[in-house]
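Below, read A as the first sequence line, B as the second, and so on, with proteins coming before strands; counting in each chain starts at 1.
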Protein chains: 2
Amino acid sequence: MAGTRVTLPDVAARAGVSLGSASRALHGTGASPAMVERVRAAAAELGYQPDATGRSLRMRKTFQIAFAVADIGNPVYVEMMTAIQSVVAERGYRLVVASTGGSPQSTAELVAGLAAGLVDGLILSPLRTSPELGQQLTSSGMPVVVIGRTGESTLDTVTTDSAGGIGQAVDHLLALGHRRIAFLNGPLDTTPGEARQRGFDAAAPAMAAVGAQAVECRVAADFTVAAGLEAARALLDEHPGRIDALVAANDLLAVGAIKAAVERGLSVPGDLAVTGMDDTELAGVFQPSLTSVSLRSSERGRAAATLLLERLADPGRAATTVTVAPTLISRESSSTLTDEEVAR
Amino acid sequence: MAGTRVTLPDVAARAGVSLGSASRALHGTGASPAMVERVRAAAAELGYQPDATGRSLRMRKTFQIAFAVADIGNPVYVEMMTAIQSVVAERGYRLVVASTGGSPQSTAELVAGLAAGLVDGLILSPLRTSPELGQQLTSSGMPVVVIGRTGESTLDTVTTDSAGGIGQAVDHLLALGHRRIAFLNGPLDTTPGEARQRGFDAAAPAMAAVGAQAVECRVAADFTVAAGLEAARALLDEHPGRIDALVAANDLLAVGAIKAAVERGLSVPGDLAVTGMDDTELAGVFQPSLTSVSLRSSERGRAAATLLLERLADPGRAATTVTVAPTLISRESSSTLTDEEVAR
DNA sequence: CTGAAAGCGCTAACAA
DNA sequence: TTGTTAGCGCTTTCAG
């Protein structure tokens, strides 16, 4: 049973039919019921498993699609991946997860490699983009869906208004009465970093209207808890008692910031309100639970997968952009309740 | 540039050499420097990318390996995956992530599918096993490394002493003076659930020796935060004030338990000490940070990947088992410090 | 509806 | 060292 692979000729021989008939009986169309029955039986008897490689070579199709991200440790991507996986699996595709590294060049290399007949299509969520990358993606001829932005309008894209999401967070904090607001962002040369900065800057009029001030915009080295912790420490130490609310560019930074606040004896939300973004599972679970702007990662993953399947089915169709609206989910980290009330 | 794939014959023609020479010049051995140079140049000129499918079919090798897990949402698996990825990538392999579903049957189906020439090997971390699965794995003839246990000693295996790890957690709590200890486990019909239950049961003598009692062993529906929250609520409500420490079978359950405790106005660790297992990033980051037994997920992933690569290189070698020792990492959730001290 | 045969892109065995 | 050729396992024409 082990080792010796059973091939289609074996099955055909066993069933006493030709190779072509065996193939048609198993996958193709135009075989008589009797033939199908016979071949099926022979295949089952021999424990035949069609060889994916032979099939791929002949059909010029691998039934694999790739999901390429910079940082698979980020729960956002895990969420997207789960969503993508379930959509594509339904249509008989397998998912290959690839790691891009942060830079556009390494992403470009990855795409080139993938284009080598390894996958039928690609869902890409790059942290940093460049015009060249967009170029390469379009010219590679491989079906691609970008989650985020490339500036290349010829590509299928799933976007979300993360800038507007930051605006929602600011509005929320202003409505709760906070007036001295800091912004904790990730690297500005990333797509999300740039967009979220834009969102915070755009909130200036709303803040001015109620006499609130933006105390500082701080940039963490990365969109991670560790980077958020470090940056928030510095931020809080430089403005002791002068910040009453902090908008973080994602949940991981927010968690780092809360940790920094607690280290300094500040209570959250009592002394400092904090909001995150992405509404990862962590947000609902953290202590205190984290107010976060949902960017609907699952939905974006699902949309990207659907878009890719559609393009695979019809390569000539026009590029489509799906936009998903952000929603603020209010939780304890920005409530004005006391800790005891919150505990209830 | 797009669409029309350039193939090896194209390169050979451009370089004015034969197909075979072109192949050898690019990958194989035994080509003159001049030949290599010429072919390289032609390939670069045409933007040649070797086709993975043709190569795989001919070489009977895909350079892909699969990592199959039940629940990719669990940070433990993400950690393993990252480790595996970095090891195998170094040797030119790509990683395919597959989702098994919880049951042995669905795992079996997955393995059968994967065996169809899709991957060269498999790293499997099943939640539930059955003798049949072990059988199938050995007889499939595909190189497999199991992270966990199958009972099949003919398979390469990476294990850890999670039972002993639970013992460490109990000892730790006893040393801190806790005497009424509850155990929050995941499903008992899973490999980790069974092992961790065994570990807690085995700690009975140590507990008896200092006059401590096991208040209850509770089984959550799943190894998730949500299931932990629900189970811990019931547990705490049924034994009000009668539990001073809780051993959770993993970090997710522990986080759920802490949330349940806080809901009930209990302070952690003041009123209830909690320990987790797996030492995920969450443990260090959570508020309060979580004492956890590290099972060295990265190391296990790395070991599994290394084992698999070795087997790929030498299919005939004897099955090896690598065992990784657990270590308790003490943090705030089990400290005896007050919250204020902890904040420092 | 079935059988025969071609060939997807590549590597490796065999000749020269 | 190089060219020629067979063939990996499969699907899909093309005849019959």
* To do: Tell me which of A/Gly30 and B/Leu8 sits closer to the 5' end of DNA chain C, going by the nucleotide each one is nearest to.
  =>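 It is A/Gly30, whose closest nucleotide lies nearer the 5' terminus.
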
* Asked: On DNA chain C, which is the earliest and which the latest nucleotide, 5' to 3', with an atom closer than 4.0 Å to a heavy atom of chain A?
  ->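 Contact span on the strand: C/dC1 to C/dG9.
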
Calculate the interatomic distance between [X] atom [atom1] and [N] atom [atom2]; express it in whole Å.
X       : N      : atom1 : atom2 : answer
A/Leu57 : D/dG7  : CG    : P     : 16 Å
A/His27 : D/dT12 : NE2   : C1'   : 13 Å
A/Lys61 : D/dT11 : NZ    : P     : 14 Å

* Comparing B/Ala31 and A/Asp51 on DNA chain D - which has the more 5′ nearest nucleotide ->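 Closest to the 5' end, via its nearest nucleotide, is B/Ala31.
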
* To do: For B/Val17 and for A/Gly20, locate the closest nucleotide of DNA chain D by heavy-atom distance; then report the residue assigned to the nucleotide nearer the 5' terminus.
  =>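 Result of the comparison: B/Val17.
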
* Asked: Under 4.0 angstrom, heavy atoms only, what part of the nucleic acid is B/Ser32 near: base, sugar-phosphate, or nothing?
  ->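 It contacts sugar-phosphate atoms only.
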
Taking 4.0 Å as the cut-off, does a side-chain nitrogen or oxygen of [X] come that near to OP1 or OP2 on [N]?
X       : N      : value
B/Arg60 : D/dG9  : yes
A/Ser23 : D/dT11 : yes
B/Ser18 : D/dT2  : no

* Under 6.0 Å from the CZ atom of B/Arg91, do we count more than 12 heavy atoms belonging to anything else shown? ->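 For B/Arg91, atom CZ is not crowded (no more than 12 foreign heavy atoms under 6.0 Å).
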
* Asked: Heavy-atom count around A/Arg40 CZ within 6.0 Å, excluding the residue itself: above 12?
  ->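 No, not enclosed.
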
* Asked: Just wondering, do A/Ile147 and A/Met80 contact through their side chains at under 4.5 Å, heavy atoms?
  ->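 Touching, per the 4.5 Å side-chain cut-off.
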
* Could you check if a side-chain atom of A/Pro50 sits within less than 4.5 angstrom of a side-chain atom of A/His27, using non-hydrogen atoms only? =>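 When only atoms from C-beta onward are counted, A/His27 and A/Pro50 do touch, with a gap below 4.5 Å.
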
Minimum-distance nucleotide (side-chain atoms of [X] versus [options]):
X       : options               : answer
A/Arg24 : D/dT11, D/dT12, D/dG9 : D/dT12
A/Leu19 : D/dG9, D/dG3, D/dT11  : D/dT11
A/Met59 : D/dT2, D/dT12, D/dC10 : D/dT12

* **Point-to-point distance, once rounded to the nearest 0.5 Å, from CD of B/Glu310 to OG1 of B/Thr320** =>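 Spacing of CD (B/Glu310) from OG1 (B/Thr320) equals 7.0 Å.
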
* To do: For the pair B/Arg94 and B/Asp120, find out whether any cationic side-chain nitrogen is under 4.0 Å from an anionic carboxylate oxygen.
  =>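 So B/Arg94 does not pair with B/Asp120 through a salt bridge.
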
* Asked: Is B/Arg58 paired with B/Asp51 through a side-chain N to carboxylate O contact shorter than 4.0 Å?
  ->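 Looking at B/Asp51 and B/Arg58, the cut-off is not met.
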
